[in-house]
Amino acid sequence: MQFITDNIVTYIYSRTTPYADIKHNIFPGESSNEIIIRPDPSPKRETEYMDETGESSLQFEIQCKADKDNQETARAQLETFIGILNMCPGFPLTDAEFLKCECVAMPSLVSYNEAGEYILSATFRILFN
């Protein structure tokens, strides 16, 4: 599902400039202020209909890591991503047709580590066929 998250990142960059480059799957650990996008570990869900059409869904999350001084910046960044992606009119997907994207979990604190870094996350679901 890397191609879908690549398309989402491209769409985000066309609408805003994040405070850090958006990486895939894991924080590189280069800074206290980083952003990642990753599909949820569950498999994509596929639904087939009687008329031989169908749709698939995939949940993904965007996580923002920030130091203590930038915790609110990370939350604001997630709110910006929600505004861009939630019920957006559509963006091109590789080898799939976009249907809709929606936020299913608002920004929340995932963890706080001994280095004083906060990780906040928002979860989205994308429907496509």
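Quick note: numbers below take in every heavy atom, side chains included, and nothing from hydrogens, waters or symmetry partners.
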(message) Strictly distance-based, threshold 3.5 Å: is any side-chain N or O of Q71 a donor or acceptor partner for the main-chain N or O of D67?
(response)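 Not confirmed, Q71 side chain does not pair with D67 backbone.
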(request) Look only at the side chain of E34 and the backbone of G29, and say whether a donor-acceptor pair between them is shorter than 3.5 Å. (result)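 Present.
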(request) Begin with the C-alpha distance, continue with both residues' side-chain angles, and end with the deciding distance and a verdict on side chain to side chain contact (heavy atoms under 4.5 Å, CB included) for Q59 and T123. (result) CA-CA 7 Å; Q59 282 198 180; T123 304; 3.8 Å; yes
With a cut-off of 3.5 Å and sequence neighbours excluded, list every side-chain donor-acceptor pair involving residues 101-120.
| unit_1 | atom_1 | unit_2 | atom_2 | d |
| --- | --- | --- | --- | --- |
| E102 | OE2 | R125 | NH1 | 2.7 |
| N113 | OD1 | A115 | N | 3.0 |
| N113 | OD1 | G116 | N | 3.3 |
| N113 | OD1 | E117 | N | 3.0 |
| N113 | ND2 | E117 | OE1 | 2.9 |
| E117 | OE2 | S32 | OG | 2.8 |

Between [atom1] of [X] and [atom2] of [Y], what distance do you get to the nearest 0.5 Å?
X	Y	atom1	atom2	result
F81	I8	CZ	CD1	11.5 Å
L58	T5	CG	OG1	8.0 Å
I4	I126	CD1	CD1	6.0 Å

(request) Answer yes if the side chains of Q77 and E79 hold a donor-acceptor pair under 3.5 Å, and no otherwise. (result)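 E79 and Q77 do not have a side-chain donor-acceptor pair below 3.5 Å.
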Would you give me the side-chain donor-acceptor pairs under 3.5 Å for residues 11-22, sequence neighbours excluded?
| unit_1 | atom_1 | unit_2 | atom_2 | d |
| --- | --- | --- | --- | --- |
| Y13 | OH | I22 | N | 2.8 |
| S14 | OG | Y11 | O | 2.6 |
| Y19 | OH | K65 | O | 3.1 |

(request) Indicate yes or no: at least one non-hydrogen side-chain atom of L85 is less than 4.5 angstrom from one of F60. (result)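 With C-beta onward as the side chain, the pair touches.
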(message) In the structure I gave you, are the side-chain heavy atoms of I37 and H24 within less than 4.5 Å of one another anywhere?
(response)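 SC-SC contact between I37 and H24 confirmed.
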(request) Go through the steps to decide whether R38 and E61 satisfy the test salt bridge (Lys or Arg N to Asp or Glu O under 4.0 Å), and finish with yes or no. (result) CA-CA 6 Å; R38 67 181 195 88; E61 65 180 342; 2.4 Å; yes
(message) Looking at every non-hydrogen atom in both residues, tell me the closest pair between A66 and N33 and how far apart they are.
(response)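 Result for this residue pair: CA-OD1, 3.2 Å.
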(message) Restricting to non-hydrogen atoms, name the atom on S121 and the atom on L78 that form the minimum distance, rounded to 0.1 Å.
(response)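 Reported closest heavy-atom pair: N-CD1, 3.7 Å.
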(request) List the steps and the verdict of side chain to side chain contact (heavy atoms under 4.5 Å, CB included) for I36 and I26. (result) CA-CA 6 Å; I36 62 168; I26 60 169; 5.7 Å; no
